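Note sheet for the following structure.
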Amino acid sequence: MEMDKLVSLCKRRGFLFQSSEIYGGINGFWDYGPLGVELKRNVKDAWWRDMIGSHNELLQSPGAPSTHEMVGLDCTIIMHPQVWKCSGHYDLFHDYMVDCRESNKRYRHDQIRGRWVEAKNQKIFVATMAPVGQEQDDVQRKALKFFHLRAKNADDLKWVGDFVDLIGIEQVEQVLAPDAKTLGTLTEPREFNLMFKTYIGALSGEEGAAQLRPETAQGIFVNFKNIVDSTRVRIPFGVGQIGKSFRNEITPRNYTFRSREFEQMEIEFFCHPDTSHKWYQYWRDRRFRWYTELGLAGERLQLRDHHADELSHYSTGTADIEYAFPFLPEGEYGELEGIAHRGDFDLRSHMEGKLDPNTNPLELEKDEHGKPRWRGSGKDLSYRDDLSGERYIPHVIEPSAGADRATLAFLCEAYTEDQAPDEKGNLQTRVVMKLHPRIAPVKAAVFPLVKKDGMPEVAKELYGELKAIGNVFYDEKGAVGRRYRRQDEAGTPYCITVDGQSLKDKTVTIRDRDTLEQTRVKIEDCVEEIKQRLQ
RNA sequence: GCGGGCGUAGCUCAAUGGUAGAGCAUCGGCUUCCCAAGCCGACUACGAGGGUUCGAUUCCCUUCGCCCGCUCCA
């Protein structure tokens, strides 16, 4: 399937629009049209229902180590700035970067060091990314090359001062960038803040600075104690949340795949450390099955376990659910969801302060004065098991899914072209969105075969009754074949047609989107029949 | 952010230094008893800003957006 065909259909039929399109669009932001919003809402509703609403905490789910409970949460997009400092996002997302116009390489401004050197009446600053100890070799080699000197003439280089950080060097035009041959190729340092910044308070300055959340998960961690204290949930239990998140992606691309404003469906599952690996396995398998049951059953979906060397040492497993999107190169997959075993990293970080993920066992990250780099809340987020009396910090399994990415994958998977005969029996190409009935934006369409002889009246009445089961559509205009094809493009699974026979024996036909087969049912049974088929 | 390509109607495309045309779609009417039928009619576009010019959709610059490659990807 070519991606541009799907993009064209989504625009034409109202699944997806570029945000602010009449003003030229805005990079990395997308709107869901009337069909798209139904589809995405159905995806989110299916997730919420399957993970939380319909979960039976009295029964042990297949593959689960024990019974478990599930509750929901809806927290704010803007949170206390300390949340992001302790979570690690602030440090990781916040850098000054410089680009080299010659080599097209990008560097973290604070990682470039260098040394002034003079030769042939010219004084330049030779920059390097080499580790301490190899810096002098690196800059000498580059300086010799720049001044066209031989190694034996190294004494002609007059070094001025010791190594210093590039930060503080004002004469940018005299800087020889780490991978450049000419001077002054570095851009001004630019702040790369992958988190969206905002300001709290109508008049506030920097002291009111805050961020739009880059993930919904932290809201669950910081509410862990509230949930335990208010709901009588017992470990093991999970907290689910659906909501918008924001990331300043450097290169938003590939349709809605990498959007700057996007929606997540996340679960933080809290369990005893001794059972955490089994729960990880459970969620990994269960989440994969969820996609297959909604129609991503083909080879384009895969479950990929991270290699041991990709894992943080505090994690015993991470797996990605990936889909081979048509816009990716052959053999490449894009992430729909990550399931991560996160140990007690998150709860401890919000208790004690930001932990250093490179320590084992985990230790508090310290600044140059030996103080905590970012202070935690100081609140006790441990859990006491009322039955055993044991107190511990729960381990966390995090299935984190992208609602927009899942929606896009369902759209890609659904797009199908097949051949169907037209009125004269000639085969015509038919575009049909084979969406699973649970997520299809329109559940059924009702047509009078022709707009006369009392057929519209019968069809309109049936339409009214069908409204009770979901989004249905009524159409009496033009040829019936065209109406069928229109519904095929919208992914409507069933079309119900009132014809001449309906008037005699009170029956209608139900036409199946995928097989084109029609079956005749009594009008009075029609609502129940459609309801059955949609499940 | 860098390099390259592109931007004309809802969609897919065309033409042109003298202000744009088609197919499909959409809407209205007629017709029509099962898969994009037919007839009549209607609506709709040069991404934005500036410059050159008597005149710019066309040439130039800037900007925004899209695609490809590089970079980035917690």
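Reminder, nothing fancy here: chain letters follow the sequence lines and each chain counts from 1. Bear in mind that the values here come from a model prediction, so they are computed numbers and not experimental data.
- You'll find the ring centres of A:Trp30 and A:Phe17 outside the 6.0 Å limit.
- Stem analysis of RNA chain B (at least three stacked-register Watson-Crick or G-U pairs, each with both distances under 3.5 Å) gives B:1-7 with B:64-70, B:10-13 with B:21-24, B:26-30 with B:38-42, B:47-51 with B:59-63.
- Separating the CG atom of A:Asp488 from the P atom of B:rA36 is a distance of 10 Å, rounded to the nearest angstrom.
- Scanning for side chain to side chain contact (heavy atoms under 4.5 Å, CB included) contacts around A:His306 gives A:Arg304, A:Glu310, A:Leu311, A:Thr318, A:Asp320, with sequence neighbours left out.
- The distance from atom CZ of A:Arg430 to atom C1' of B:rC35 is 9 Å, rounded to the nearest whole Å.
- The CZ-C1' distance, from A:Phe196 to B:rA74, rounds to 15 Å in whole Å.
- In this structure, A:Lys11 does not reach the B:rG10 phosphate: none of its side-chain N or O atoms is under 4.0 Å from OP1 or OP2.
- Both the sub-6.0 Å distance and the 45° axial angle are satisfied by A:Arg511 relative to the ring of A:Tyr484.
- Following rounding to the nearest Å, A:Asn248 (CG) and B:rG1 (C1') show an atom-to-atom distance of 14 Å.
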Per-nucleotide protein contact string for nucleotides 61-68 of chain B (B base, S sugar-phosphate only, - none; heavy atom under 4.0 Å): ---SSSSB
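- Residue A:Lys477 places at least one side-chain N or O under 4.0 Å from the OP1 or OP2 atom of B:rG28.
- More than 12 non-hydrogen atoms from other residues, nucleotides or ligands lie less than 6.0 angstrom from CD of A:Gln302.
- The interatomic distance linking A:Arg485 (CZ) with B:rA36 (C1') rounds to 6 Å, in whole Å.
- Computed from coordinates, the A:Glu417 CD to B:rA36 C1' distance equals 14 Å when rounded to whole Å.
- By the salt bridge (charged side-chain N to carboxylate O under 4.0 Å, His left out) test, A:Arg533 is found to be paired with A:Glu529, residues two or more places apart in sequence or in another chain being considered.
- A donor N or O paired with an acceptor N or O is not found under 3.5 Å between the base of B:rC33 and the side-chain atoms of A:Asp499.
- For A:Phe270 and A:Phe224, the distance between ring centers is under 6.0 angstrom.
- For B:rA37, one of the phosphate oxygens OP1 or OP2 lies less than 4.0 angstrom from a side-chain nitrogen or oxygen of A:Arg482.
- The base of B:rC33 lies outside donor-acceptor range of the side chain of A:Gln501, with no N or O pair under 3.5 Å.
- The backbone N or O of A:Ile321 lies less than 3.5 Å from no partner atom in the side chain of A:Arg287, so there is not a single donor-acceptor pair.
- What separates CD1 of A:Ile22 from P of B:rC46 is a distance of 14 Å, to the nearest Å.
- For A:Arg258 against B:rC73, a side-chain N or O and a base N or O form a donor-acceptor pair under 3.5 Å.
- One can place CD1 of A:Ile496 at 16 Å from C1' of B:rC35, the figure rounded to the nearest angstrom.
- Residue-to-nucleotide proximity on RNA chain B shows that, of A:Arg247 and A:Glu476, the 5′-proximal contact is made by A:Glu476.
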Name the atoms and distances for all side-chain donor-acceptor pairs under 3.5 Å in residues 398-409 of chain A, with sequence neighbours left out.
| residue | atom | partner | partner atom | Å |
| --- | --- | --- | --- | --- |
| A:Ser400 | OG | A:Glu266 | OE2 | 2.6 |
| A:Asp404 | OD1 | A:Tyr32 | OH | 2.7 |
| A:Asp404 | OD1 | A:Lys40 | NZ | 3.0 |
| A:Asp404 | OD2 | A:Glu263 | N | 2.6 |
| A:Arg405 | NE | A:Phe257 | O | 2.8 |
| A:Arg405 | NH1 | A:Glu335 | O | 3.1 |
| A:Arg405 | NH2 | A:Phe257 | O | 3.3 |
| A:Thr407 | OG1 | A:Ala403 | O | 2.7 |

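- Taking the nucleotide of RNA chain B with the nearest heavy atom to each of A:Arg511 and A:Arg12, the more 5' of the two is matched to A:Arg12.
- Legend: residues meeting side chain to side chain donor-acceptor pair (under 3.5 Å) with A:Glu215, ordered by chain and number and at least two apart, are A:His89, A:Gln218.
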